[in-house]
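Numbered from 1 within each chain, the chains take letters A, B, ... in sequence-line order.
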Amino acid sequence: MAGKPVLHDFNGRSRMESIRWLLAAAGVEFEEKFITCPEDLERLKNDGLLMFQQIPLVEMDGMKLVQSRAILNYIATKYNLYGKDMKERLLIDMYTEGILDLYEIVSRLPRTPPDQIDSKTALIRDRTKNRYFPVFEKVMLKSHGQDYLVGNKLSRVDILLVELLYLVEEVDVSLLADFPLLQALKTRISNLPNVKKFLQPGGQRKPRATQKVIEEARKIFKF
Amino acid sequence: MAGKPVLHYFNLRARVESIRWLLAAAGVEFEEKFIETPEDFEKLRNDGLLMFQQVPMVEMDGMNLVQSRAILNYIATKYNLYGKDVKERLLIDMYTEGMADLYEMFIQLTVTPPDQIDAKIALIKDRTKNRYLPAFEKVLKSHGQDYLVGNKLSKADILLTELLYTVEEFDASLLASFPLLQALKTRISNLPNVKKFLQPGGQRKPPTTAKMMEEARKLVKP
């Protein structure tokens, strides 16, 4: 029975954040049910809604979707953001997995113990400037003025890359300096009406994690 | 120009064994070029063959595929092991992502400091028995079919079988309460292509040890 997708997650940035970006960019309105205490999570588990006892969980199309990659794949396919054929899907997947590798390191920075922050930040700088951003800048360059990474059409990987660009900018805004085509992509995607709405105050994008928010999450999810 | 796929990696299971299983189960003959010296790795990098300076890399259909999930998805799609529609793909993805989470715990064990190993082992046992295997047993029970999704062989069955062998090597008693999973493991193992892969002389690699991971790490400049 049709209805808005319902996202069950912690009220903060997590593995659900990329799902929020993708739904928003696809123009799909969604509701959120926030887990604010351990009992909320227990209830989801006891009601048998979580296949592997973990969130994120997205209720959508009469199903209980878990595992963020599975959810992203489903949404991307449903809303034609996954390329037009097997070869485009391959490119999208390769780029996406590379982005997720960097995303993983960057998104964990707020939770890093203070004595490791400098070395982690140095790693992020190195990987960003020398391994990941050059690849995507080159893809944009070789596409000869096309607006998107794959197939001259908006896909999930443009949205995910832009999300990552925002995250990297929060760590060190100078990291984008040598990548004009990525900056242009970021601007272009941010100006798409659906994305613009998502990014505005009142939009469903979650703010950067503060220590307080992390502590609360730690109590609920025991990490 | 058609030719066999060529897999570039260390002579190890690690995260690449799933690719070997999937190619084998699909009946695709493939070659392997093992990275055995730092120079082997540097050459791949310097020749610009590694999109993110990392292996595995699979030369296939005139392309240099990287990122193991991208590689697995491509192979599964090409050989019709990815379900028949978006809903079946969703199920396959949910199941295989859960499998990957458990599989990653086994891989992490080979790089865990000795003083933390007992705790890690206990956690793996708990997750295997109480979280992951019950989920997959329940799927098989729910429809009573021979395969996890769509009554047809898919990458979910192949990767689950690989995982069950890994669990068995770790602690065979963990499979005891899961008769349907044991039956799936037997069924998949008896498929001619898989049987050949598992036999002595097949391309399946022996279990990865901490020492093997150490040796491999030395070959790769960060």
- prompt: In terms of heavy-atom contacts, does NZ of K45(A) have more than 12 from other residues, nucleotides or ligands at under 6.0 Å?
  reply: yes
message: Under a 4.0 Å threshold between the charged nitrogen and the carboxylate oxygen, would R15(A) count as salt-bridged to E104(A)?
response: yes
message: Does either side chain, that of Q67(B) or that of D101(A), offer a donor lying less than 3.5 Å from an acceptor on the other one?
response: yes
query: In terms of heavy-atom proximity below 4.5 Å to chain B, should V66(A) be classed as side chain, backbone, both, or neither?
result: both
message: Looking only at heavy atoms and a cut-off of under 4.5 Å, which of R89(A), M86(A), Q53(A) has the most pairs with chain B?
response: M86(A)
field: Sidechain N-carboxylate O distance under 4.0 Å for E17(A), K206(A)
entry: no
Could you pull out every donor-acceptor pair under 3.5 Å between side chains of residues 113-127 of chain B and any protein atom, sequence neighbours left out?
from	atom 1	to	atom 2	distance (Å)
D126(B)	OD1	N130(B)	ND2	2.6

Which atom of F179(A) lies closest to which atom of K129(A), heavy atoms considered: CZ-O, 3.8 Å
message: Heavy-atom cut-off 4.5 Å, strictly under: side chain, backbone, both or neither for I92(A) against chain B?
response: neither
message: Quick check for you: to the nearest 0.5 Å, what is the distance between E162(B) atom CD and I188(B) atom CD1?
response: 13.0 Å
message: What part of N64(B) gets within 4.5 angstrom of chain A, counting heavy atoms only: side chain, backbone, both, or neither?
response: backbone
query: Does the gap between the ring centers of F52(A) and Y132(B) come in under 6.0 Å?
result: yes
statement: Contact list (residues 154-177 of chain A to chain B, heavy-atom gap under 4.5 Å, by number) returns none
- prompt: Relative to chain A, which segment of L65(B) carries a heavy atom at a distance below 4.5 Å: side chain, backbone, both, or neither?
  reply: both
- request: Select one option (side chain, backbone, both, neither) describing which atoms of K78(B) are under 4.5 Å from chain A's heavy atoms.
  value: both
